Each structure stands twice: as structure tokens, then as C-alpha cells.
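See below for the structure under consideration.
So you know, we letter chains A, B, ... as the sequences are listed, proteins then strands, and number each from 1. Predicted, not measured: the structure shown is a model, and the values here were computed from it.
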Amino acid sequence: MRQLNDKTAHEFDHRQIADAAVATWNEVKNAASKISEADTKYYCLCMLPYPSGRLHMGHVRNYTIGDVITRYQRMNGRDVLQPMGWDAFGLPAENAAIKNGVPPAKWTYDNIDYMRKQLKSLGFAIDWSREVATCDPRYYRWNQWLFLRMLEKGIAYKKTGTVNWDPVDQTVLANEQVIDGRGWRTGALVEKREIPMYYLGITSYADKLLKALDHLPGWPERVKIMQANWIGKSEGVEIHFPYDRQSIGADGALKVFTTRADTLLGATYVAVAAEHPLAEAAAARNPQLVAFIDECKKGGVTEAELATQEKKGMDTGLFVRHPLTDEKLPVWIANYVLMGYGEGAVMAVPAHDQRDFEFARKHGLPLKVVVRSEAGDVLAADAMREALVEHGIIVNSGVYDGLTTAQAIDAVANELKKRSLGEKRTVFRLRDWGISRQRYWGCPIPIIHCPGCGDVPVPDRDLPVVLPEDLAPDGSGNPLVKCEAFVNCACPTCGKPAKRETDTMDTFVDSSWYYMRYACADNDQAMVDERVNQWLPVDQYIGGIEHAILHLLYSRFWTRVMHDLGLVNFEEPFTNLLTQGMVLNHIYFRKGKSGGITYFSPDDVTPVMNEQGQITGATHKADGQPVEYGGMGTMSKSKANGVDPQALVDKYGADTVRLFMMFAVPPEQSLEWSEAGVEGAHRFLKRLWKAVVDHVQSGPAPKLDSAMLNDAQRELRRQVHATIAKVSDDIGRRYMFNTAVAATMELLNAITRSDDASPQGRAVLQEALESIALLLTPMAPHTCEALWQMLGKDGAIVNANWPKPDPEALVRDTIEIVVQVNGKLRGRVAVAADADRKQVEQAALAEPNVQRFVEGQTIRKVIVVPGKLVNLVV
RNA sequence: GCCCGGAUGGCGGAACUGGUAGACGCGCGGGACUCAAAAUCCCGUUCCCCCUAAAGGAGUGUCGGUUCGAUUCCGACUCCGGGCACCA
């Protein structure tokens, strides 16, 4: 054990305390993870950071939560694995390269080195021997290897997909790089473009991924609801509208999917996406349609943009036939119909679908009412102000009249099936996972394009396909395309010259299985080995709520694929999930003339407020010119609103920063960043330090004899053990670290108030101080290590056993009961802890203030909540 | 636009299963110590009424409901945050 020097023993010097603690932990190897018996393993995992440059407060929050749980579980006897790694591929490294000309690899590795140092300075018990960086070929070769397995199984496949195209930079843009429909650097109007891409068939796992949510009791309800809605299972009917041969000039049928087949007789037109084959066929004969289709291709591809854009449409002049009535229905092109969803076509029922209603009114298309609400009359189509969307009774539909919505769906589906013009189908909102990225800084997709053999998978023996690390992107396209040493290769099948695929993988691939690799990071022969089945599934996963859907769903999918390939023996990767709320800060920005956006740090602007004290804008400190206010948002490098914790760590020490973070707010809530309160956390540690110094100055405390205690000593001891019970529950079950800290603060307040120098008084105090040190070790491990030593204890506190409350110490003789009259608080009475209902009732009625309110009234009812309150209803 | 959350004193938050609203901390006010300041310690601190206290009244984003009793449950709404498939 490293001893503190004399000066430190009196003053709270966070640097010396930290140095001594770290030396002690290195001696006892506190962070090392080893497997002993299977039932004591505990895998505590935090989402790995993107190495953006410096830690921000969101990281500190995330990793402190993980470390608190890790240290708590260790003190409870578990063999804990807490690893760390780097989500090291991605767009910011390319942006930094464009800005500074530094290759993404160097920028990334420098950031990792700096951030690793920062994490170490915060005192997290991380097993660094397992560190993984996803940009390391020893890691990403296994992305490539599994991708090839998925190709073999047909889970990975190639098809076209839509991307944002910047016509000026001649490059594909990420959704984040499209602002108000324009490229962020060029300001050019972005276009949609169809290109070939590789996809992973997550939709074939949709049902399993949905059903398994019911067997994840350790996941937050809100995350499970979001995932279920995202997967979006819906039962409906696929309906075929035969082509009208006269106008289309070909046989065939237009397929649509609908959940409201009961309204089929109300369909008055059909709408197809701009990219639909029927649209293209019609455009071949009509230049106006060509122009309209081009118009539809403007703008970005996000669902939010598509859902809020102005609804536009144009008649193709083509017709299809109604499958039941053979009526001619016009085919329209509509920009709200998406090629990527379902069949890229919808049947339109303006009377019973709000979007169709608005579209029909705008373009003068007819309405047919075919449903009435159960209580109401049949509405007149001309008088309708909005669509009647709810289920009801079918009307104006011949043989289906009088049926309910549910009955009519069945009847229509049966009839369509009889005519071979459709049938019931289950569809999912979930789409297959497109993983191709036209970017440099990512994992190369292991495919070779041969003029003779086509797309040839890279043989396993040639893995990894190594990404050259010395390229620097310039903003126009992927530099890999121009890197001949990378592109040119021999076809593995025929040996003739061929070209490598230059697309790289989505970075969500990297983060879909990194947590398995920690268990076997040293294995260079296989993706995973038996150690993965020993450590996994992860017992506790901790990360931001922003990952509730994509990352967590992809990881669940990837795990199932590996399970089905026989690589792992579990199907779900994360048993318990804690979704941390975001750390928010103000966002300030300026829009450039061409549409680009520049963000400014809140430190560099002076906010302008209105009379209500709300921020409406700001001026830049350097140039005095106005800056726009963008509200509160997640701390991130790209929005320039991250706060580097380093200054606080330097000033107050890691323990103060950790303690403050845990005390400020419960983990699931979002946190609007403010430094107010850091001083308070620091003051608390100093007060605790002083209490221990004062106590040990009078020499060792005598042995505690609980039979010898007076009332005050018994009461303090009761509070000590009540605090142990509360903190254990708050950390171990509730994950309410803020109230755990508050409870130790209350205990310290009680200790400071009691001034008992008697032998048993000092014995109680010794027990109290030892307990506080143990209870605070997960949050403030450095300080508690020193306190432990000062209190004369052997060994490292981080390896000590978590305290258990003594049931005898918790016993109370009397309790306070609250008395209400008509639900309003009118008094309190003390009763014996074992008093029965009648005694409690009598004590309540005897209370003078209660009598004032009861006098002259009849008591109609008496409600007694044992141990809590009495309510007299008069 | 759609899906998921949230809103409690001057501020961060507590109240765990429908039972004392405001624990704990910050800030602020007053006092002690000091030549003085910092640090530290003590007292007070939801609002209204009131010299003060006791007692009382109001009060958990807004409006309405269920209940002996609602921050907690139900309905409608407002604002804020997260996600929307190429930010990670």
C-alpha cells in the first residue's frame, strides 16, 4: 500500500490522493478480469466512444455509471469484466482530414492516445489489456470474414439503393451533411441517386427480433416499445390491380399492400413512386412526366424530410383495373410514395385516409365513402372536411355492406385469393440494412469485380483486405477509387486483372459485435472462441438513449446471425440495459451564403435573451456579429458544444467530477449542462476528509458493543445501517446514484452534529465513517482508498466487501404517524411501532389540532395505512 | 409528419406500489471566526397572509376526470429533448 505523506493526511490534496490510490490499485491489480466460476462472472459494458478528440461530459457520465456498477459488483464478490475500445472508423475523421489535410488514420490514433489518457485520469477500473480499435485490421478482418459467411448464406446480397448526391462535389452525402435540401459544403441542391449496394437481410429476422423483446425483462420499457414500433409488424392484404391493356399496352398487375382492404371499394386511384417501372414507362411518352420525376428526385432521403415535404403528384395517363369491379382507375405519380417501402405503390382511398384525402382534394380526384362510424350516419363525400379514418361498418360496397372493418378485410382477402388477385400478407416496416458506404475511412467490403467472373468474394486466405492508411480525402468522392495500388488486383477465380470494391462498410457493422471481441481480443485465428460464451451475454450494458433503435437492433441481429452460424451459444447480447440520458448544451450556429452551417462553442458567444429570460440569439465574442440559437442539443464535436471535463478534473480531481456527475441527476434523465454544484460535491469530500482526520487524531476507537449504547448512539447507529440498506438498494437495484450520494451526505450531516467522545460514541463513529467510505467507493474511489487507510484498515478498499445492514440496528421503538382530516394534513402522532389499528386511530383522534377539525362533525370513515397515516373523513 | 420520453421552489433534483410535496446539493439572506478577505462553521430559505410565531390558504407545465386521498392513474393540449435507417 502506498502511504500518504503527512501533509496529505491533513489537507485534502486530490493529486496526492489519486497518485497513492493508483499505485495501490496497480499493486492489487484491481482492474484485471479473470473468469473463475461461471456464476460469479459479471460483464459490465459501456458503449465504446468515437475518438472525436477529447472526452466530453456525456462520456464522463457514461463511464462513471459503468465504473460505479463495476466497483459495486466487485465489492459484492463478482468477477467483473469492464473493457474499453474505440469506434474508430467514421465520417468525422474524414472531415478533419478535409479541413487540416491530416490522414484520418493519424488523426484517429492521436485522438485515441489522448482520450485513453483522459479515461485513465478519471480512475475507471478498466481492463486495458483487452482494448480494441475497430480501425485495426486485426479487428475488421472479422467484419469481412462474417460478411463473406453472410454472402454464402444469402443473408448479404446486392441491390440498388437511394443516396444523397451532391452534383457539385460529385460525391455521396450522409444525411447529416444535407441541410435544408442542400449540400453542407457546396450549398448545391441535393439529388437522390440510385446506386448498387450490399444489404444485410435483417428483415428475415424481423419476427424473431420482435418476439424476443418480450423476453428481455432487463431492458427499459421505452426502448422495447421503440424497437417494436420500428420493426412495425402489420397484417394486411396484398392486392393486384391488373393493367389496363389499352393504356399500358402490356399484361401484368400493379401490386400494392394495404392494412385497410375493407376500403377497397372506396379506391378511386392508385399512386406509384417516381422510380416505379410504371412511372418510367409513362415518362417515355410524356416529357412533362420526365420533368416531374426529376422534380421528385430533388431533396434528401430521410423519412422526416419525406414526411414533411409538400405532397406533389401528376397523372400518368395510364390506368389499372379495379380487382373486384373492373373499373378503370387512373395511375398517379406521388412524391410521398417511396420505392423502398413495400411495392412502391399504394391504392388511394381518399374518404378514409387523410393523406389520400388531401391529395384528392388538391388534384380534383373523386371520393367514395365506404365506411360509416358505428354510431354515425353515412357521410356525404362532398361535405367531408377530413377523412374518416377509424374502423366502422362497411357501406356502398355491395356484398360487403354491413360487415365490420375486421370482417370485411377477411371477406375481401378471401375473394381476392379466389380470383388470384391478392392474399393476406404480413409486412414489416423494418427495411434491410444497407451497409455500403462510398467512403474511405471504413472497413473495405471484401469483393473483387472481375470483367469475366463478375462479383467475386475475396477468399478467406486473402483476408484482411487492408485499408491503406496514408490517404487523405479532399471532399470530392472516395480517395480509395483513385488509389491504384488498392483497386487493381487479380481475380481470385480466373487470375486476370480485376478491380476491388471501393465501398466500405457502415460503421454500425463495427459496433455490432465489438463486445464479443473483448473476450478474445488476442485470438488471431478466429473471430471468437469459447471465452466469448463464458463472458457473454453482457450482464449490464450502459449507453446513450440515442442508440435505442439502430445500434441496439443491429447488434441483436448480428448476434443472432453468429448464433445461427454456430459461432456463439447465446441469441441476445445484452441481458440488462441502462439507457443514459443525454448531456445537453446550447447550440449556436451561422448559415453561410451557400447554405453551409458553422457551429460555435457556447464559450465563444454572448447569449441574447428576451423578457422571459429565454435565449433568442447571440453575438460572437470575437467579431460582435449575430449568431443564431439552435436550442439545447446533445454534446458533440460536430455541434461544437461539447464540454471537456479536463479543466474540472485538473482543478477538483477525478472524484469530485465523478461524484458531481452521479449526484446531479438520475442516469436515465437528460442533463442540461451546468457547472453549478461541482463546488458542493468537492465540499462534501473535504468535509468527509476532515471528519475522518478529526476522528483518527484521538487514536484507535474501542470495540463496538451494541448492548452498551445510549439512545443517541443507538439512533446514529440505526441511521448508519439504514444508509447502508438504502445505498445498496439505490446502486444495486434502482440505479439511482443521486439519492445514494444524498443518503451518505445525510449520514455525514448526522455524524458532524453528534459530538460524542465517549468510548462507545467513538466506536459508533468509527463504524459510521468506515461505512461511508465503503458506500462511496464506487463513486469516489481515490478518496475512499485514502480514508480506508487513515481509518486503520488493511488492504485496498476497492477489494473490500460491500457492507451489509445489521437488522438489529434497524429496529425502531416508536414511529410517527401522519393524521389527515379529509385528506389534509392536520397533525402527527408518535405511536409504538407495534401499535394496532385501534391504538393508532385513538392516538390520531386525541391529537389537539385534529380535534379542532373533527369537533362537531360526524366521522364517516377512517382510513388507516399501517405505519404511515390515518385519514379521517368527516 | 411519425415513434419514444420529459416538465416539481431562484437552480439541479427527492417523494420507489395512489398516502407527510420540496430529502440532498447549489444559489441567496443573516450570523460566528478574522485587522481584513478567502476558507470553514452555525441559522434561515416554495408562495400568500402575518411584526413574529402558532394556525390557515394556495401550490408539482395547461385544462378536465377518477379517488377518502393524485407529482403518481385516465382524457385533451402546450412546450422541451431523443430517434426517423449515410452523425455516432
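Here A:Trp433 lies out of heavy-atom contact (under 4.0 Å) with every strand. A:Val163 comes within contact range of at least one nucleobase, with a heavy-atom separation under 4.0 Å. Among the atoms of the strands shown, only primed sugar atoms or phosphate atoms (P, OP1, OP2) are found under 4.0 Å from some heavy atom of A:Phe853. Within the nucleic acid shown, A:Thr752 has no heavy atom closer than 4.0 Å to any nucleic acid atom. Using a 4.0 Å heavy-atom criterion, one finds that A:Glu546 contacts the bases of the nucleic acid, with or without backbone contacts as well. Among the protein residues, A:Arg733 comes within range of the nucleic acid bases, having at least one heavy atom under 4.0 Å from a base atom. Within the 4.0 angstrom heavy-atom criterion, no nucleotide atom of any strand lies near A:Asp730. Within 4.0 Å of A:Lys726, counting heavy atoms only, lies at least one base atom of the nucleic acid. Residue contacts for A:Lys824: at a heavy-atom cut-off of 4.0 Å it reaches the sugar-phosphate backbone alone, with no base atom in range.
With C1' as the reference atom, B:C3 and B:G9 are 34 Å apart, rounded to whole Å. Separation of the P atoms belonging to B:C50 and B:G44 is 24 Å when rounded to the nearest angstrom. Across B:G75 and B:U66, the matching C1' atoms stand 11 Å from one another, rounded to whole Å. Separation of the C1' atoms belonging to B:A14 and B:U60 is 12 Å when rounded to the nearest angstrom.
Atom NZ of A:Lys159 has more than 12 neighbouring heavy atoms from other residues, nucleotides or ligands inside a 6.0 Å radius.
A stem is defined here as three or more consecutive Watson-Crick or G-U pairs, each with both distances under 3.5 Å; for RNA chain B these stems are B:1-7 with B:78-84, B:10-12 with B:24-26, B:27-32 with B:40-45, B:46-48 with B:56-58, B:61-65 with B:73-77.
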Listing, residues 84-97 of chain A side-chain donor-acceptor contacts under 3.5 Å, not counting sequence neighbours, or none:
{"from": "A:Trp86", "atom 1": "NE1", "to": "A:Glu131", "atom 2": "OE2", "distance (Å)": "2.8"}
{"from": "A:Glu94", "atom 1": "OE2", "to": "A:Tyr440", "atom 2": "N", "distance (Å)": "3.1"}
{"from": "A:Glu94", "atom 1": "OE2", "to": "A:Trp441", "atom 2": "N", "distance (Å)": "2.7"}

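Residues from residues 87-97 of chain A placing a heavy atom under 4.0 Å of any atom in RNA chain B, listed by number, are A:Asp87, A:Gly90, A:Leu91.
With hydrogens and angles ignored, the 3.5 Å screen pairs a side-chain donor or acceptor of A:Asn822 with a backbone N or O of A:Val874.
Considering only side-chain atoms of A:Met736, the nucleotide from B:A14, B:C16, B:U20 that sits closest is B:A14. Of the candidates B:G25, B:G1, B:C86, B:C86 carries the atom nearest the A:Val172 side chain, counting heavy atoms from C-beta on.
Residue A:Gln177 places no side-chain atom within donor-acceptor reach of the base of B:C86, judged by atom type and a 3.5 Å distance cut-off alone. Judged by distance alone with a 3.5 Å cut-off, a donor-acceptor contact links the side chain of A:Arg828 to the base of B:U20.
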Generate the contact string for nucleotides 4-12 of chain B. Rules: B means base contact, S means sugar-phosphate contact only, - means no protein heavy atom under 4.0 Å.
SS------B
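Remark: A:Glu855 pairs with no residue by the side chain to side chain donor-acceptor pair (under 3.5 Å) rule, at least two apart or across chains.
Contact between the side-chain N/O atoms of A:Arg683 and the OP1/OP2 oxygens of B:G27 is found at a separation under 4.0 Å.
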Check nucleotides 66-71 of chain B for protein N or O atoms closer than 3.5 Å to its own N or O atoms and list the pairs.
{"from": "B:C68", "atom 1": "O2", "to": "A:Asn871", "atom 2": "ND2", "distance (Å)": "2.4"}

